[in-house]
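Take a look at the structure below.
Keep in mind that the numbers below use all heavy atoms, side chains included, and drop hydrogens, waters and symmetry copies.
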Amino acid sequence: MSAKRILPNGDEIFPLGIGAMRLPTKNNVIDKEKAREFIFYAIDNGVNFIDTAYSYHGGASETFLGEILQETALDGVKYRDKVRISTKLPSWMVHSKDQMEFYLNKQLEKLQVDYIDYYFIHNVNLDSLSKLESISLFEFFDESKASGKIKNAGFSYHGAREEFIPAVDMYDWDMTLVQFNYLDNRVQISRKEIDYAASKGIAVFIMEPLKGGILADNLPAEADSIFKEADSSRSPVDWALSWVLNHENVSCVLSGVGDLNQTRENIEIAGRVPPNSLTDYELKTIRKAKSIIRSLMKVGCTSCGYCLPCPQGINIPNCFSIYNNKYLFEEKGGMLSRAQLNYFSMLSGLFNKPSNAGLCNECRQCVSLCPQRIDIPKELKQVYKTFEFPGFKYFILFIKRFGLPLTNIATKFFNFFKAI
């Protein structure tokens, strides 16, 4: 029996789609050969949905996909003809219907297509949808579908769970894209909201099934042991993707894979987990692991990057990732812990521009942009207190000035500054 799921519009879609937000990079640009390899492998092995957006990879994601999808597969069929293409209109960049038409035409050009199969309005909540409605968003969608430039219209949701159903009821949507995983099953939506959307004939696409990689390969030891005890042959990725795929009204799960091995694993999982197939024992196992992870996580950040750029230059996702890892993986060693050394090397300005938590001036520009509704300045204060001891700035300047090996002098300086 085919693993494909049938959407309300009749399309048959493989339950795993490729998300092109986190393509592999080399020298800060897309590593085209590496990305091309696993994308073609995915399509050759049944994946027929690729998702991108105007803003991904600084605008380069759409252009890259437009180029490679013109190539022809071994069976003589052009790759573009094997997939449904999904992209997104940048909601924060449009202030008129004319601008909507401008960006759509630009995206058609970048993707080298005559039409876009699935077109979302990107990064919206109930309030922003209402504002977009006032500048004729829905009229734009109707006209674009009538002209054949887009086949399906949807919204990529980043709001509160209690506002999801009112957003669904605003328009005759074809699909929605929303975050859902076993840790975040009541943040933007729950099963209730998924089922409601399905009852209205809306296909439900899922993003962040691995919560930005947190639910992937490096789980806390106690959570990992729970999964291994239940079934030592299954990876954390297997458990996390299976949990999402188990929901009967989930149409497709978008996974931001970064290499060929991840692609192979995700395709294999998606091909063997039909809806309602997990046992009570498996679901109980996931709940137990979830409880452990929740107790250790400090910040529910998925590293989506919607909070960026920060006016002060803070790399907010990296700050939270390093902070979470310190507690998720019980890192010890003080100044010489992996978390502290990562903080020094990645954020302090030791090797590049400073992007550390201590730069925050609490402007709060980031707060309204965060899909997780995290109080980012408040959490950055905790990151600052954890990693930036008194004299932190001068410690970094001293190392840069004299070029001394960090690990040889860290303890001595740490003790010195702590005593001030």
Show every donor-acceptor pair shorter than 3.5 Å between a side-chain atom in residues 13-22 and any protein atom, with sequence neighbours excluded, or say none if there are none.
unit_1: Arg22; atom_1: NH2; unit_2: Glu208; atom_2: OE2; d: 3.2
unit_1: Arg22; atom_1: NH2; unit_2: Thr302; atom_2: O; d: 3.1
unit_1: Arg22; atom_1: NH2; unit_2: Ser303; atom_2: O; d: 3.4

Quiz item: Does a donor on one side chain and an acceptor on the other come within less than 3.5 Å for Asn125 and Ser128?
Solution: yes

Self-check item: Shortest non-hydrogen contact from Val94 toward Ile135
Solution: O-CD1, 4.0 Å

Exercise. Could you tell me which non-hydrogen atom of Val250 sits nearest to which non-hydrogen atom of Val244, and how far apart they are?
Key: CG2-O, 3.9 Å

Exercise. Kindly compute the distance separating CD1 (Ile376) from CD (Glu362), expressed to the nearest 0.5 Å.
Key: 12.5 Å

Self-check item: Polar side-chain atom of Asn185 near backbone of Ser190 as donor-acceptor pair, under 3.5 Å
Solution: no

Quiz item: Are Lys97 and Phe140 in a cation-pi contact, defined as NZ or CZ under 6.0 Å from the six-membered ring centre and within 45° of the axis?
Solution: no

Quiz item: Under 6.0 Å from the six-membered ring centre of Phe227 and within 45° of its axis: does the NZ or CZ of Arg287 meet both?
Solution: no

Self-check item: side-chain hydrogen bond (donor to acceptor under 3.5 Å, both in side chains) assessment of Tyr171 paired with Glu133
Solution: CA-CA 10 Å; Tyr171 179 68; Glu133 180 184 22; over 6 Å; no

Exercise. Could you tell me whether the side chain of Glu62 and the main chain of Leu111 form a donor-acceptor pair under 3.5 Å?
Key: no

Quiz item: Can Asn123 and Lys88 be counted as having a side-chain donor-acceptor contact under 3.5 angstrom?
Solution: no

Quiz item: Among Lys145, Gln107, Lys151, which one satisfies side-chain hydrogen bond (donor to acceptor under 3.5 Å, both in side chains) with Tyr119?
Solution: Gln107

Quiz item: What is the distance from atom CD1 of Ile68 to atom CD1 of Ile43, rounded to the nearest 0.5 Å?
Solution: 6.5 Å

Self-check item: Distance-minimising heavy-atom pair for Pro209 and Asn181
Solution: O-CB, 3.2 Å

Quiz prompt | Sidechain-backbone polar pair: Ser251 side chain, Val204 backbone, donor-acceptor under 3.5 Å | solution = yes

Practice problem: Please confirm whether Tyr306 and His158 have ring centers closer than 6.0 angstrom. | Solution: yes

Quiz item: Are any side-chain N or O atoms of Glu37 and backbone N or O atoms of Glu33, one a donor and one an acceptor, separated by less than 3.5 Å?
Solution: no

Quiz item: Looking only at atom types and distance, does a side-chain atom of Ser242 sit under 3.5 Å from a main-chain N or O of Trp239, one as donor and one as acceptor?
Solution: no

Practice problem: Kindly say whether Gln99 contributes a backbone atom to a donor-acceptor pair with the side chain of Ser96 at under 3.5 angstrom? | Solution: yes

Quiz item: Just by distance, with hydrogens left out, do Gln188 and Glu193 show a side-chain donor and acceptor under 3.5 Å apart?
Solution: no

Practice problem: Determine yes or no for a side-chain-to-main-chain donor-acceptor pair under 3.5 angstrom, with Gln262 supplying the side chain and Gly258 the backbone. | Solution: yes

Quiz item: Is it true that the side chains of Asp231 and Ser233 contain a donor and an acceptor less than 3.5 Å apart?
Solution: yes

Practice problem: Examine Phe155 together with His122 and report whether their ring centres are nearer than 6.0 Å. | Solution: no

Quiz item: Does Arg36 come within less than 4.0 Å of Glu71, counting only side-chain N to carboxylate O?
Solution: yes

Quiz item: When the ring planes of Phe387 and Tyr323 are compared, do they come out parallel, tilted or perpendicular, using 30° and 60° as the limits?
Solution: perpendicular

Exercise. State yes or no: are the ring centers of Phe141 and Phe138 separated by less than 6.0 Å?
Key: no

Practice problem: Nearest 0.5 Å please: distance from the CG atom of Leu132 over to the CE atom of Met170. | Solution: 8.5 Å

Practice problem: Would you check, one step at a time, whether the test side chain to side chain contact (heavy atoms under 4.5 Å, CB included) holds for Asn246 with Glu282? | Solution: CA-CA 11 Å; Asn246 191 58; Glu282 289 172 313; over 6 Å; no

Self-check item: Whether Ser277 side chain and Val273 backbone form a donor-acceptor pair below 3.5 Å
Solution: no

Quiz item: Once you round to the nearest 0.5 Å, how far does CZ of Arg5 lie from CG of Asp11?
Solution: 15.5 Å

Practice problem: Check step by step if salt bridge (Lys or Arg N to Asp or Glu O under 4.0 Å) holds for Lys228 and Asp224. | Solution: CA-CA 6 Å; Lys228 280 187 167 58; Asp224 193 44; 2.8 Å; yes

Quiz item: Please walk me through it: do Ile293 and Leu219 pass side chain to side chain contact (heavy atoms under 4.5 Å, CB included)?
Solution: CA-CA 8 Å; Ile293 298 168; Leu219 291 182; 3.8 Å; yes

Exercise. Taking the six-membered ring for Trp and the single ring otherwise, decide whether the centroids of Trp173 and Phe120 are under 6.0 Å apart.
Key: no

Quiz item: Can you check salt bridge (Lys or Arg N to Asp or Glu O under 4.0 Å) on Lys32 and Glu67, steps first, answer last?
Solution: CA-CA 10 Å; Lys32 293 186 177 181; Glu67 291 172 358; 3.6 Å; yes

Exercise. Decide side chain to side chain contact (heavy atoms under 4.5 Å, CB included) for Lys211 and Met297; before the verdict, give the C-alpha distance in whole Å, the side-chain angles of both, and the deciding distance to 0.1 Å.
Key: CA-CA 12 Å; Lys211 196 174 173 65; Met297 277 191 71; 3.7 Å; yes

Quiz item: Just by modelled atom types, is the Pro24 backbone N or O under 3.5 Å from a matching donor or acceptor in the Asp31 side chain?
Solution: no

Exercise. Decide, yes or no, whether a salt bridge links Asp44 with Lys82 under the criterion of side-chain N to carboxylate O below 4.0 Å.
Key: no

Self-check item: Between Ser255 and Asn266, a side-chain donor and acceptor under 3.5 Å
Solution: yes

Quiz item: How long is the span from the CD1 atom in Ile85 to the CD1 atom in Ile116, to the nearest 0.5 Å?
Solution: 8.0 Å

Exercise. Before accepting this row, confirm whether a basic side-chain N of the pair Asp259/Lys34 lies closer than 4.0 Å to the acidic partner's carboxylate O.
Key: no

Practice problem: Start with the C-alpha gap between Asp195 and Lys200, add the side-chain angles, then the distance that decides, and say whether salt bridge (Lys or Arg N to Asp or Glu O under 4.0 Å) holds. | Solution: CA-CA 9 Å; Asp195 292 346; Lys200 302 277 286 188; over 6 Å; no

Quiz prompt | Row check, Tyr54 ring normal vs Lys110 NZ/CZ: under 6.0 Å, within 45° | solution = yes

Quiz item: Just checking, any donor-acceptor pair under 3.5 angstrom between side chains of Asn315 and Ser355?
Solution: no

Quiz item: Are Arg272 and Glu268 close enough for a salt bridge, meaning some N to O gap below 4.0 Å?
Solution: yes

Quiz item: In terms of side-chain heavy atoms, does Tyr196 have a donor or acceptor partner in Asp169 at a distance below 3.5 Å?
Solution: yes

Quiz item: Are Tyr118 and Phe205 close enough that their ring centers fall under 6.0 Å?
Solution: yes

Quiz prompt | Nearest-0.5 Å distance, CD1 of residue Ile189 to CD of residue Gln179 | solution = 9.0 Å

